[in-house]
Structure formats: C-alpha cells, structure tokens
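Encoded as structure tokens, the structure appears first; notes follow it.
Numbering of residues begins at 1 and proceeds along the displayed sequence.
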Amino acid sequence: MISMSPVRPGNGWRYLFRGVMVGDGHRPAGTPLRAAQDEAGVPPGVWKGRGLAALGLTAGDVVTERQAELLLGEGRHPDADRIERKLLAQGKSPEQARRATVLGRPIEHNRSPKTDKAKERTPWLAFDLTFRPPPTAHLAWALMDDRHRLVLELCDDIARDKTLAWLEESVAEIRWKAGGKQRARVKDGLIVAVFRHYESRATESRPLLHAHAVVSIRARRPHDGKWGNLSADSLMTHIVAADTLYLLYFMEEVSARLGWAWEPRVVTPGRRPVMEIAGIDQRLIGWQSTRRQQIEDALPVLTAKYEERQGHPPGEQASYALACQAADQTRPPKRTELLSLTELRKRWRASAIRAYGADTVDRLAERARAAAAAVWARVRPVVDIALAAVDVVAVVYVMRGAFKRHHLLAEARRHLSYVLRGRPHQPGLDEQIVQTVVDDYTRPASRRMMTADLRALYPYDTEDQAVLRPLTRNRSAPPYERARLAAGALTARVQAVRRADRLGSRARPHTVAVPAAPKSRPRLVRPDRKAGHVPEQKTDIATMEQTRRTLEAAVAKLQDGMRERAVTHGPRPQPAPTAAPSHTQQPGTQHAPGRTTGGVG
C-alpha cells in the first residue's frame, strides 16, 4: 500500500533528517548521515525521477545530507553552495546570490505577516510517499534465504519506480497564479529521494520491507521553464489509484521471477480482501503484525466510550476515526538499538521458529511453489472487458453513488489484480476498462461527478433497474458486501443473456435481450436531463413488429426444412451449438469471492 504525508519546514523537516533518512530510527545530533545509516544497517538514499536532469543530477546517485537539506528542507538548488560561491566571485551581493539558488518562491515569503492564509504560512516542501508490499511479502523477504530476499527487493524497486513514472507522466501537475488557477503537466518530471527501510516501528522489532519516496514539490512549468510548486491535491486525489497500480506491478514481478501465485485474504468480514502470496502460513501474519493486535485490544474501550457519550454505535466514518485514535494511543516509541539487516534477519527467524516451529519457517518457499501450482491448475486466466466494466461500475456505484474517473481506475486495477493473480496485463488495459464504463454505463450526476446509468445496464427492462437501489440504501450490511452482491447480480445477468445467445434461443416473455459487449460510444447528454432523473425511453412500434415478423418467418422456414430432411433421410443427431465469438480477453483468473465473472478451470 501507499501512504502520503507532507514535509514542512520545522518538525517535518527534522523528522525527515532524524528518522526517515536513517531507517526510522534515532539519529543523535552531530552524527554524520552516512555514519548513522551504516550503524542502522540501511542503505543510503538514491535520487529518482526525470526531473533530475534540470538540476544536474543523475538517477541512482546517492542523496547527500547537504543536497537533501537544500532541496527538501529549503526549496533551493541541491548544488546551491557552489552556485553562491561562483556568483559572489562575480561581484553579486549575498542576497542576490542566495536568491539565484531558490527554486520558485522562497519560503521566507510565506512567513511574511502579509500572508493571510495559514496554509501559505506553513508551505509544503515535499511529499513523503511510503510504499509497503503485502504482509506475506514481508514474511518471505525476512524468513527465506538471501536469493529470495534480493529478488523481492528487486520486485519492490521495479514496482515502485513504475508507479512513480505513472505519477509524473499522468498525474503530476504544476500550478501558478492566484489560487493555483492555472495548471499544466510538469515540463521535465519529478525529483524524488528514495530511502529503503527494513523494520516496523514496534518496540519488538518485526520485518517491514518498505521505502520512503520523498517527492520534492518543486517542478518546472512547461511553457516558460520557470520553477513552481506541484499541485498537492492532484497527487492526493490519485493516491489510491497509485496504490492499486503499485500492488498490480509488484504481484506481476513476483510471479514472473519466483513463479508464485496470489490469492485473496479476508481481513475483516464484509470489507475488501487483500491479495497475499499463496501458501504462506497465515499464522505468521499475526506474528508479524503486532501493531494490529495492539490496536484491536484498544479499540473496544474507545468504542464503548463513544456509545456511552453519543447514545448509539459508531458509523463507518466514526469507526475509522476511532481506529486512528487507537493507533495513535498505542504507538510505541522507536527502538534506539541499531542493528544490521543480517542481525535483524537472525532475530526474526529465531523468533518465528520459537513461535511456530522450524518446519513452518524452513518450508515457506516449498509450500509457496506447491500452492502456486494448485492455483494455476484450478484458475483459468481470462479478463473479459465487458464483464469487468459491469463489475467495476457496480462496485463503485454502490460504495460511492457519485464518482469520478480516478475512482473507476482504482477499482479496475483491483479487478485486474484479483483476476490476473500475478499474470502480466496488457499496458492500458485498466484504462480500456474505465473508458468502457464511462462510455456505456455512466451518466452525469453533477458538473464534475458521474453515476451509474441503470438504463444502460438494463436497456429495455424498467422493473429490473431497481436491483441496485435497495443495495445502496441497506445500511445494515457493509458497503463492500453490498457492492459484491450488486456486481454478482449484474454479471450473472449478462452471462445468462450470453448463454441464451449462444444456444440460439428466442427471447421468452418478460426476458431482456441485453447486448453482451456494448461498443464504446460517446453518450449524448440532453440539456434538460437532470441529475437523478432519466427520461423514459420510447420504442419504435413499427420496427418491433417488422422484427417479429422476420423472426417468425425464419423459424417457420427452418422447421419446414427440418421436417423435409426427417422424411427423406430419417432422424439425425443434431450437432452441438457452436460457441459465439468471445469478447476481448487477456490472461487472468477468476474474480473475488462473490464475483461471477472470469473463468475457473
């Protein structure tokens, strides 16, 4: 998963230098950065991103403390010291020399009393994006041999770099003018400092392979090349879509390099399952997730106090707020003892063996390979774009009602991660699913939002258009459970119509002929069409009558021909009906529990 937090002048900057850059540990004052990293057993940070060329840096270079202090702590050029010395030698004043090294607006401007907005007085200097693989990947990385450890680290690097590339190519925007009214894509790309860490924050250290990608807020405008600030809300809006993309890439790399498969694991009943490596003992997840148990122990106390104070159980938002409060209250202090990765791996392995035995720990790789063979034997990889679009729009509609394109994109990537189980996907397949949804199954809900078009899901049957409405109003069931019921109902209906088409059966009374794979086309919006109201569709009576007569004539002719052949040659066994041409497919597997799409061998 990916989490995002701002880096501001003051405490945010100090936390970055005293903690993040030295493995989330504690760096004593006066200790050089490289010495603290060596003592903590973490590698030095490296620069990433296409925007490095504008600063004279190269991807893969080590992040020095002075470079990080200038760029991420002051918003200045990483080589500002050399530039200042050169300008001073040319006769420039100290103020002019310093101003020449500032990228964009200096942070001193925000401290001026003329600045009214509190947000502008404490500007963001960077975004701290934390990349974490699934828990079973932490376990395999910590308890298996060095070969598996290095491969998993490589998979994490590749998935993280691809996700950052998508952010800088498709998401990152630079803003300028009052209120950021003018926005455009960045000219060069992002400037990122990546720091890899190995353990969690708990007092009793546990493995947690993760990386901090600190993205500088400074970037260049495309039209004049001047430095400005990235749009924070653009990155925050697409953080869930980036999270699902990172997981999709990580699963593909692990399956391609180690041959493992993935399966869903239900953490909380009624909520989204998480993808885990098949064959990894689930008990080890509890051993690794000590923080989760601490939060679960503190949550009932906070929930009881809430019910006593408010007089009713907490809802969805209140439950999430209580969980965050429990996490803050149970957060332990950081470990001050610094250990190398080799020593940490020895301790983790010894602790896991004491808890669950040597056989469980020693056979992790063997059981992962056996479980992968079983998964690929029972799962047939198929991605049906038409069914995927129905599944995505049903889930997003039930859980959100009104939504935007990035909500569909995140759900499409979740769909692919479950369907493919680690198999590679064709580039742009997620966007193709989203475009199908937008073209065929949505209508405008407001100026910026859209919602599901029930008449597109049920073109000619007004009675069945209400299938999704009770699910959106049934608050007793969790949202994702209701979403899965809706997706299952819609996909089952599409599959039933497809089977009827393959068998050549005629439509009986009260049945609906729904196109199996509607073609993507622009949907025209009438000026008088209001959000939540769909005008009644009209039917051409003459066209329907002509179609009925044509079908009856064709059936009568076919029956006459069959009778003539029966009289002449005697009865013959009828051949099995041929399958209709399949829709666009990609390698993948079956859908999540409750889904009826996908293929199962």
**Message:** With rounding to the nearest 0.5 angstrom, report the CG to CG distance, Leu152 to Asp157.
**Reply:** 11.0 Å
**Asked** Can you say whether the rings of Phe131 and Tyr246 are parallel (under 30°), tilted (30 to 60°) or perpendicular (over 60°)?
**Response** perpendicular
**Prompt:** Rounded to the nearest 0.5 Å, how far does CG of Asp156 lie from CZ of Arg160?
**Reply:** 6.0 Å
**Prompt:** What's the verdict on salt bridge (charged side-chain N to carboxylate O under 4.0 Å, His left out) for Arg345 and Asp146, showing C-alpha distance, side-chain angles and the deciding distance?
**Reply:** CA-CA 10 Å; Arg345 282 168 51 84; Asp146 286 335; 3.3 Å; yes
**Asked** Going through the distances and angles, do Asp391 and Arg484 end up as a salt bridge (charged side-chain N to carboxylate O under 4.0 Å, His left out)?
**Response** CA-CA 8 Å; Asp391 185 275; Arg484 288 266 43 88; 2.7 Å; yes
**Request:** Could you walk me through whether Arg414 and Val240 pass side-chain contact (heavy atoms from CB on, under 4.5 Å), step by step?
**Result:** CA-CA 10 Å; Arg414 290 191 189 100; Val240 178; 3.3 Å; yes
**Prompt:** Is there a donor-acceptor contact under 3.5 Å from the side chain of Ser170 to the main chain of Leu167?
**Reply:** no
**Prompt:** Is there a donor-acceptor contact under 3.5 Å from the side chain of Glu276 to the main chain of Arg265?
**Reply:** no
**Asked** Would a distance-only check, ignoring hydrogens and angles, find a side-chain to backbone donor-acceptor pair under 3.5 Å from Thr136 to Ile277?
**Response** yes
**Prompt:** Ion pair present between Glu431 and Arg405, side-chain N to carboxylate O less than 4.0 angstrom?
**Reply:** yes
**Prompt:** Is the backbone N or O of His425 less than 3.5 Å from a side-chain atom of Glu252, with the two atoms forming a donor-acceptor pair by type?
**Reply:** yes
**Charged tip of Arg421 within 45° of Tyr418 ring normal and under 6.0 Å** = yes
**Prompt:** So, Thr451 side chain and Gly401 main chain: donor-acceptor pair closer than 3.5 Å or not?
**Reply:** yes
**Request:** Go through the steps to decide whether His148 and Leu258 satisfy the test side-chain contact (heavy atoms from CB on, under 4.5 Å), and finish with yes or no.
**Result:** CA-CA 8 Å; His148 289 90; Leu258 296 175; 3.9 Å; yes
**Message:** Ring-plane angle category for His197 and His210, please: parallel below 30°, perpendicular beyond 60°, tilted otherwise.
**Reply:** perpendicular
**Message:** Salt bridge or not between Arg272 and Glu481? Use side-chain N to carboxylate O under 4.0 Å.
**Reply:** no
**Item:** Test side-chain contact (heavy atoms from CB on, under 4.5 Å) applied to Trp47 and Val192, step by step
**Value:** CA-CA 6 Å; Trp47 291 108; Val192 189; over 6 Å; no
**Request:** Would you give the length of the straight line joining atom CG of Leu230 to atom CZ of Arg175, rounded to the nearest 0.5 angstrom?
**Result:** 9.0 Å
**Asked** Side chains of Leu209 and Arg132: closer than 4.5 Å at any heavy-atom pair?
**Response** no
**Asked** Taking the six-membered ring for Trp, are His238 and Trp166 parallel (under 30°), tilted (30 to 60°) or perpendicular (over 60°)?
**Response** perpendicular
**Request:** Give a yes or no on whether the backbone of Trp227 and the side-chain of Arg220 come within a donor-acceptor separation of less than 3.5 Å.
**Result:** no
**CZ-CG distance between Arg221 and Asp188, expressed to the nearest 0.5 angstrom** = 13.5 Å
**Straight-line distance of Met236 CE to Ser231 OG, nearest 0.5 Å** = 10.5 Å
**Complete:** In this structure, NZ of Lys404 is separated from NE2 of His407 (nearest 0.5 Å) by 7.5 Å
**Message:** Using the ring centroid of each side chain, check whether Trp348 and His138 are separated by less than 6.0 Å.
**Reply:** no
**Prompt:** Quick check: does any side chain N or O of Arg349 sit under 3.5 Å from a backbone N or O of Leu143, one acting as donor and the other as acceptor?
**Reply:** yes
**Prompt:** For the side chain of Asp61 and the backbone of Thr58, is there at least one donor-acceptor N/O pair under 3.5 Å apart?
**Reply:** yes
**Message:** Quick one, Leu408 with Phe403, criterion side-chain contact (heavy atoms from CB on, under 4.5 Å). Give me CA distance, side-chain angles, the key distance, then yes/no.
**Reply:** CA-CA 8 Å; Leu408 299 173; Phe403 45 84; 3.8 Å; yes
